[in-house]
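Only a predicted model underlies this, so the values are computations on that prediction, with no experimental measurement involved.
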Amino acid sequence: IQIGNGDRPSAFCTKGCQAIPDTGTALIVGPMKDVVQLNNKLGAIPVKGSKGMFVIDCSKVSRLPDVYFILNGTKLALSSKEYIVKMTNGRRKVCVSGFSGRKRLENQWILGDVFIRAYYTLFDKGNARIGFAKAVH
């Protein structure tokens with residue numbers, strides 16, 4: 001997992017980890033320590049009492065870097081428009097980071113709806129493989 005594409009990108013899972021696409025998970029979920037660092041790089045702050053949720057100033061969303069998932073050597077990009085979930089809390093707009101942490105995950109990432117909305121996912125059980133293609137909306 002890589003943030004940005006410039007001179008000094010930040011990387012996570014540099015020695016490899018498991019990625020599991022899951023239609024039953026809303027966000028992209030990873031190890032808490034990695035997700036905290038990733039969200040810090042994005043300028044997101046933790047939501048008290050939420051167990052791994054982060055919010056970011058909505059005015060900064062358009063300036064956030066792309067986040068890349070490198071799966072079997074293929075680099076799949078998520079733009080901030082894709083990994084930030086915009087919600088309303090009463091009359092107030094809230095921007096939630098699409099990256100959430102769980103303490104019990106180690107070297108595993110769950111690619112939930114935030115990822116699956118951006119990439120068409122084909123589950124080929126007969127050939128024991130999964131394919132991804134950029135979704136067209």
Out of curiosity, does [Y] fall in the hydrophobic cluster containing [X] (side-chain heavy atoms, cut-off under 4.5 Å, transitive links)?
{"X": "Ile28", "Y": "Ile45", "value": "yes"}
{"X": "Phe12", "Y": "Leu78", "value": "yes"}
{"X": "Phe115", "Y": "Val29", "value": "no"}
{"X": "Leu71", "Y": "Val67", "value": "yes"}
{"X": "Met87", "Y": "Met53", "value": "yes"}

Between [atom1] of [X] and [atom2] of [Y], what distance do you get to the nearest 0.5 Å?
{"X": "Asp57", "Y": "Arg63", "atom1": "CG", "atom2": "CZ", "value": "8.0 Å"}
{"X": "Gln2", "Y": "Phe69", "atom1": "CD", "atom2": "CZ", "value": "11.5 Å"}
{"X": "Leu76", "Y": "Leu111", "atom1": "CG", "atom2": "CG", "value": "9.0 Å"}
{"X": "Met32", "Y": "Asn39", "atom1": "CE", "atom2": "CG", "value": "10.0 Å"}
{"X": "Ser80", "Y": "Leu42", "atom1": "OG", "atom2": "CG", "value": "9.0 Å"}
{"X": "Ser10", "Y": "Ile1", "atom1": "OG", "atom2": "CD1", "value": "12.0 Å"}

- Those residues that, when tested against Asn72, pass side chain to side chain contact (heavy atoms under 4.5 Å, CB included) (two or more places apart): none

- Message: With a sphere of 6.0 Å drawn around NZ of Lys86, does it hold more than 12 non-hydrogen atoms of other residues, nucleotides or ligands?
- Response: no

Please give me the minimum heavy-atom distance between [X] and [Y], naming the atom from each residue.
{"X": "Val114", "Y": "Glu82", "value": "CG1-O, 3.5 Å"}
{"X": "Ser50", "Y": "Val47", "value": "OG-O, 2.7 Å"}
{"X": "Ile84", "Y": "Ile56", "value": "CD1-CG2, 3.8 Å"}
{"X": "Ile130", "Y": "Pro21", "value": "CD1-CG, 3.6 Å"}
{"X": "Thr14", "Y": "Ala11", "value": "CG2-CB, 3.7 Å"}

- Message: For the backbone of Arg129 and the side chain of Asn127, can you confirm whether one donor and one acceptor N or O come within less than 3.5 Å of each other?
- Response: no

- Should Tyr83 and Phe99 be marked as a side chain to side chain contact (heavy atoms under 4.5 Å, CB included) after you check the CA-CA gap, both sets of side-chain angles, and the distance that decides it? CA-CA 8 Å; Tyr83 67 75; Phe99 303 101; 3.5 Å; yes

- Query: Among pairs that include at least one residue of residues 99-123, which meet side chain to side chain donor-acceptor pair (under 3.5 Å), considering only residues two or more places apart or in two chains?
  - Reply: none

- Residue pairs fulfilling disulfide (SG to SG under 2.5 Å) with at least one residue in residues 54-131, sequence neighbours excluded: Cys58-Cys95

